[in-house]
Amino acid sequence: MSTTTVERRELGRFLAVARQRFDKGEAPAEMFSPAVDAEWHKLLGTPGYTAFSVEHAGTVLGHREVKGFGPITWVAAYEEAYGALPEIWFTDAKGILDEAALARYRETGAVVAEWDCSPAGGDGDGDDEAAPATR
């Protein structure tokens, strides 16, 4: 599977988990992977994004800039649906794997990371309440 295909698959999974969080009234999912986020930015604003988001999340989820650092709160929901997070989640936009972060995740099952965006729920315009900056 090509890297872009892996990134796109993981973006779809992320949007599905994000929608589940919105449906439960939980805070927006934190996008901590520069590699997956780069794929999201490639798709945003294209005619294909609406169909992609609806296919994976059942609705169009927007994108909002929001910075934070802390535990990534959606990992357990992802693992329940798809299994362990693959390496792409610990890879930067240049394709460099953060081996230490991946090893910590594999050892503890938890991810503590920095993020700079999250999905926007509601009508997808990004005007919904912002995610907390830290947890």
Side-chain angles (χ1 to χ4, degrees):
M1 187 177 289
S2 74
T3 302
T4 300
T5 303
V6 170
E7 293 162 357
R8 186 146 314 175
R9 180 195 69 207
E10 291 306 308
L11 176 59
R13 291 175 174 182
F14 173 77
L15 294 177
V17 170
R19 170 64 189 272
Q20 292 169 3
R21 292 181 60 80
F22 284 130
D23 288 349
K24 293 176 183 177
E26 297 174 347
E30 311 88 356
M31 173 51 78
F32 74 94
S33 169
V36 178
D37 189 40
E39 184 65 20
W40 197 4
H41 282 264
K42 285 181 197 174
L43 276 175
L44 282 169
T46 67
Y49 181 70
T50 297
F52 182 84
S53 186
V54 169
E55 175 185 349
H56 294 281
T59 189
V60 178
L61 294 180
H63 178 277
R64 139 179 62 240
E65 301 296 323
V66 57
K67 295 186 182 296
F69 176 84
I72 302 303
T73 58
W74 52 266
V75 173
Y78 178 100
E79 291 172 334
E80 186 176 316
Y82 307 109
L85 291 170
E87 289 182 1
I88 196 69
W89 283 102
F90 303 92
T91 303
D92 70 16
K94 295 177 183 175
I96 299 170
L97 176 65
D98 183 341
E99 293 183 26
L102 177 61
R104 279 190 303 275
Y105 164 66
R106 288 181 174 164
E107 183 179 315
T108 67
V111 179
V112 176
E114 187 175 336
W115 64 88
D116 63 7
C117 63
S118 68
D123 59 10
D125 66 3
D127 290 337
D128 302 303
E129 183 177 319
T134 58
R135 302 194 204 280

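All residue numbers in this chain count up from 1 along the given sequence. Predicted model, so just to flag it, every value in this text is computed and none were measured. FYI, side chains are in, hydrogens and waters are out, and symmetry mates aren't considered; it's all heavy atoms of this structure.
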- Query: Quick check: are there more than 12 heavy atoms from other residues, nucleotides or ligands sitting under 6.0 Å from CD of E65?
  - Reply: yes

- Message: Could you check whether E39 pairs with R9 (Lys NZ or Arg NE/NH1/NH2 to Asp/Glu carboxylate O, under 4.0 Å)?
- Response: no

- Euclidean distance, F32 CZ relative to L85 CG, rounded to 0.5 Å: 5.5 Å

- Message: Using modelled atom types and a 3.5 Å cut-off, is there a donor and acceptor pairing between side-chain atoms of T46 and backbone atoms of K42?
- Response: no

- Query: Y105 versus W89: any side-chain heavy-atom pair under 4.5 Å?
  - Reply: no

- Does R13 pair with E10 as a salt bridge, N-O distance under 4.0 Å? yes

- Task: Would you kindly confirm whether I96 and V111 end up in one hydrophobic cluster when ILVMFWY residues are joined by side chain heavy atoms under 4.5 Å apart?
- Result: no

- How many angstroms lie between CG in L61 and CZ in F22, if you round to the nearest 0.5 Å? 6.0 Å

- Heavy-atom pair of closest approach, residues F14 and A29: CE1-CB, 3.6 Å

- Message: Is there a side-chain contact between F69 and V112 in this structure, where contact means two heavy atoms from C-beta onward sitting under 4.5 Å apart?
- Response: yes

- Item | Exam field: side chain E30 to backbone T73, donor-acceptor pair closer than 3.5 Å | yes

- Item | S53 side chain to Y49 backbone, donor-acceptor under 3.5 Å | no

- Are L97 and I72 connected, step by step, through hydrophobic side chains (Ile, Leu, Val, Met, Phe, Trp, Tyr) whose heavy atoms are closer than 4.5 Å? yes

- Message: I need the L11 CG to I88 CD1 distance, nearest 0.5 Å.
- Response: 11.5 Å

- Exceeds 12 heavy-atom contacts within 6.0 angstrom, atom CD of E114: no

- Query: Got a second to check how far D37's CG is from D92's CG, nearest 0.5 Å?
  - Reply: 12.0 Å

- Task: Determine whether W40 and S33 make a side-chain contact, defined as any pair of heavy atoms from C-beta on separated by less than 4.5 Å.
- Result: no

- For Y78 and P86, which heavy atoms make the closest approach, and how far apart are they? OH-CD, 3.4 Å

- Message: For the CG atom of D116 and the CE atom of M31, what is their distance to the nearest 0.5 Å?
- Response: 9.5 Å

- Message: Would you compute the distance between atom CD of E55 and atom OG1 of T50 and round it to the nearest 0.5 angstrom?
- Response: 12.5 Å

- Min side-chain heavy-atom separation L15-R19 under 4.5 Å: no

- Item | Check: S118 main-chain N/O paired with R64 side-chain donor or acceptor under 3.5 Å | no

- Message: I'd like to check F52 versus R8 (side-chain heavy atoms, cut-off strictly below 4.5 Å). Are they in contact?
- Response: yes

- Given salt bridge (charged side-chain N to carboxylate O under 4.0 Å, His left out), test R106 with E99 step by step and report yes or no. CA-CA 10 Å; R106 288 181 174 164; E99 293 183 26; over 6 Å; no

